[in-house]
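Below, each value reflects all heavy atoms present in this structure, side chains not excepted, and no hydrogens, waters or symmetry copies. Naming convention: chains lettered A, B, ... in sequence-line order (proteins, then strands); numbering from 1 in each chain. Since the structure is predicted, the reported quantities are computational estimates derived from the model, not experimental observations.
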2 protein chains.
Amino acid sequence: MTDQSPAARKPIRTAITDEDGIDFAIIELFFFAYRDFTSDPDQILADYGFGRAHHRVLHFVNRRPGLTVAELLDVLKITKQSLARVLKQLIDTDHIVQLQGPRDRRQRELYPTAKGRALALALARPQSRRIRAALEDSGAAERASIERFLEAMVDPELRAQINIVPAQTSGKRNGDH
Amino acid sequence: MTDQSPAARKPIRTAITDEDGIDFAIIELFFFAYRDFTSDPDQILADYGFGRAHHRVLHFVNRRPGLTVAELLDVLKITKQSLARVLKQLIDTDHIVQLQGPRDRRQRELYPTAKGRALALALARPQSRRIRAALEDSGAAERASIERFLEAMVDPELRAQINIVPAQTSGKRNGDH
DNA sequence: GGATTATGTCAGTACTGTTGACGTAATTTC
DNA sequence: GAAATTACGTCAACAGTACTGACATAATCC
């Protein structure tokens with residue numbers, strides 16, 4: 001494994017750049033931004049013995065109360081077996097409850113409890129603080145640009161997932177107020 | 001485990017919203033954007049038997065050729081043991097080579113090979129394409145807003161890591177061209 | 001010459017994800 | 001009403017990526 005064709009192992013000493021029309025600047029910024037964005041809640045989660053997967057489940061159950069297991073799998077893009085462990089823990093610790101679907105009794109609608117709502121808020125708080133700080137000197141136009149950009153980064157066919165915000169309270173992204 | 005204080009298990013039926021001053025809109029957009037942003041290279045990596053960790057190592061070795069193991073650990077924010085396996089695989093497959101540090105012979109400077117450079121480019125290409133599409137109708141001002149935002153999302157004390165782009169070729173983010 | 005530093009490595013563990021298979025209850029279809 | 005499908009749960013095995021703790025080696029610093 002050590003002495004093959006020596007030519008193939010010649011080190012390249014020049015840095016890769018945006019030369020090839022590749023946007024390394026934003027690729028890298030996105031990596032750093034997300035790394036630190038997720039580091040905030042990770043600290044809190046550790047106290048509960050939870051991981052990032054628990055956070056994601058908790059977030060979406062709070063955002064779309066009553067969503068079914070299948071819908072949650074679709075949003076998270078993980079398998080049923082992968083969700084099972086995490087969801088079971090959240091149910092056993094009374095952060096989430098399951099209710100039988102009203103129309104289709106096979107379905108399990110997922111709802112947060114007061115405890116689950118509180119944890120979701122606690123996890124989101126430092127993230128929101130970070131966003132607010134990042135937008136500090138920005139106007140509405142700049143904020144809109146950023147929202148538009150992030151939305152455009154999502155796969156077109158999955159963009160529908162974003163706007164599924166229950167009509168009950170919000171009425172902001174629904175256009176039907 | 002099923003029949004505790006029933007009050008604690010009462011489902012909350014209303015969605016969490018931006019009411020509490022928490023910016024759920026951007027939190028969620030950021031999740032979806034990053035989920036799909038990383039899904040592009042994941043597909044390619046699978047063909048090589050590599051994972052996301054290999055991508056990150058490959059990216060930074062190409063971006064900052066000659067960086068040491070310690071510097072790489074600092075950028076990735078993982079432990080030495082965690083890096084070891086991934087780095088060893090990339091070296092064994094001739095994507096990366098190690099050179100003894102010129103001044104300090106304890107150090108191992110990491111460089112990409114032609115093969116490693118090619119793979120890094122192949123992985124970045126779909127990501128860059130996605131970014132270009134997302135910025136399609138945006139002007140320079142909008143792009144600047146987005147870069148500023150992403151940079152501001154990074155921990156202030158770690159923001160220095162971003163601008164470490166070798167002087168050799170780029171000269172764009174260095175201000176010393 | 002002794003302490004520190006940079007790196008490598010071994011062992012054990014945790015979390016999150018995967019595939020495949022099987023079971024049960026409810027709904028739909030014919 | 002029987003058969004197929006759907007929604008969900010669960011068991012087993014495994015992979016990738018991260019962790020802590022411990023120890024080894026070589027080079028550098030003091």
Side-chain angles (χ1 to χ4, degrees), chain A residues 1-2 31 34-35 38-39 41-59 61 66-93 96-110, chain B residues 1-2 31 34-35 38-39 41-59 61 66-93 96-110:
Chain A
M1 263 301 183
T2 320
F31 164 76
Y34 200 75
R35 180 195 65 179
T38 52
S39 74
D42 281 356
Q43 308 238 319
I44 301 169
L45 288 160
D47 299 338
Y48 290 77
F50 290 161
R52 213 171 279 181
H54 298 84
H55 184 190
R56 289 197 286 262
V57 171
L58 209 45
H59 170 88
V61 169
L67 94 174
T68 66
V69 172
E71 286 165 350
L72 184 53
L73 289 174
D74 203 50
V75 167
L76 297 178
K77 288 209 179 279
I78 57 174
T79 59
K80 182 177 49 161
Q81 297 84 336
S82 197
L83 173 63
R85 266 169 306 200
V86 169
L87 183 56
K88 194 174 190 317
Q89 285 178 288
L90 288 168
I91 291 169
D92 287 348
T93 53
I96 290 177
V97 289
Q98 285 182 316
L99 266 62
Q100 207 171 51
R103 276 180 293 277
D104 188 335
R105 289 184 304 175
R106 287 172 306 178
Q107 294 183 333
R108 301 283 178 274
E109 294 185 343
L110 304 172
Chain B
M1 262 304 182
T2 320
F31 164 75
Y34 200 76
R35 180 194 66 179
T38 51
S39 73
D42 281 357
Q43 309 239 318
I44 301 169
L45 288 160
D47 300 337
Y48 291 77
F50 290 160
R52 211 170 281 181
H54 299 84
H55 184 189
R56 289 197 288 261
V57 170
L58 209 46
H59 170 88
V61 170
L67 95 173
T68 65
V69 171
E71 286 165 351
L72 183 54
L73 290 175
D74 203 47
V75 167
L76 298 177
K77 285 206 180 283
I78 58 173
T79 58
K80 183 177 47 164
Q81 298 87 333
S82 198
L83 173 63
R85 262 168 308 200
V86 168
L87 184 56
K88 194 174 188 320
Q89 284 178 290
L90 288 169
I91 290 169
D92 287 348
T93 54
I96 290 178
V97 287
Q98 285 182 317
L99 267 63
Q100 207 171 50
R103 277 181 292 278
D104 188 334
R105 289 184 305 176
R106 287 171 306 179
Q107 294 184 334
R108 301 283 177 271
E109 294 185 344
L110 304 173

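Each of A:Arg105 and A:Arg56 was matched to the nucleotide of DNA chain C holding its nearest heavy atom; the match closer to the 5' end belongs to A:Arg56. Each of A:Gly51 and A:Arg103 was matched to the nucleotide of DNA chain C holding its nearest heavy atom; the match closer to the 5' end belongs to A:Gly51.
Contact annotation: A:Ser82 reaches the phosphate of C:dT18 (side-chain N/O to OP1 or OP2, under 4.0 Å). Phosphate contact (OP1/OP2 of D:dT17, side-chain N/O of B:His54, threshold under 4.0 Å): present. Remark: B:Gln98 is in phosphate contact with C:dG8, judged by side-chain N or O atoms under 4.0 Å from OP1 or OP2. Of the side-chain N and O atoms in B:Thr79, none sit less than 4.0 angstrom from OP1 or OP2 of D:dA18. Regarding contacts with the backbone of C:dG12, every side-chain N or O of B:Gln81 stays at 4.0 angstrom or more from both OP1 and OP2.
Annotation: side chain of B:Gln100 is in contact with side chain of B:Arg108 (closest heavy-atom distance under 4.5 Å). Residues A:Val97 and A:Ile91 form no side-chain contact, since every pair of their non-hydrogen atoms from C-beta on lies 4.5 Å or further apart. Inter-residue side-chain proximity for A:Leu67 and A:Glu109 is flagged as unmet; no heavy-atom pair is nearer than 4.5 Å. B:Thr93 is listed as a side-chain neighbour of B:Phe50, based on a closest heavy-atom distance under 4.5 Å.
Taking only side-chain atoms of A:Arg85, from C-beta outward, the nucleotide of D:dG9, D:dC19, C:dT16 with the closest atom is C:dT16. Comparing atom distances between the B:Asp104 side chain and each of D:dG9, C:dA6, D:dC19 picks out C:dA6 as nearest.
One can place CZ of B:Arg108 at 18 Å from P of C:dT5, the figure rounded to the nearest angstrom. The interatomic distance linking B:Ile96 (CD1) with C:dT7 (P) rounds to 14 Å, in whole Å. Taking atom NZ on A:Lys80 and atom P on D:dA7, their separation rounds to 11 Å, with Å as the unit. The separation between A:Leu45 atom CG and D:dC19 atom P is 16 Å, rounded to whole Å. Remark: P of C:dT5 and CG of B:Leu73 are 16 Å apart, rounded to the nearest angstrom. Going from atom CG of A:Asp42 over to atom C1' of C:dA14 covers 14 Å, rounded to whole Å. Between A:Phe50 atom CZ and D:dC19 atom P there is a gap of 21 Å when expressed in whole angstrom units. The NE2 atom of A:His55 sits 16 Å away from the C1' atom of C:dC15 (whole-angstrom rounding).
Considering every non-hydrogen atom in both A:Leu90 and A:His54, the closest pair reads CD1-O, 3.9 Å.
With hydrogens and angles ignored, no donor-acceptor pair closer than 3.5 Å exists between the side chain of A:Arg106 and the base of C:dT27.
Going from atom CG of A:Asp104 over to atom OG1 of A:Thr68 covers 9.5 Å, rounded to the nearest 0.5 Å.
Counting non-hydrogen atoms under 4.0 angstrom, B:Lys88 reaches nothing in the nucleic acid. Among the atoms of the strands shown, only primed sugar atoms or phosphate atoms (P, OP1, OP2) are found under 4.0 Å from some heavy atom of A:Arg52. Within the nucleic acid shown, A:Gln89 has no heavy atom closer than 4.0 Å to any nucleic acid atom.
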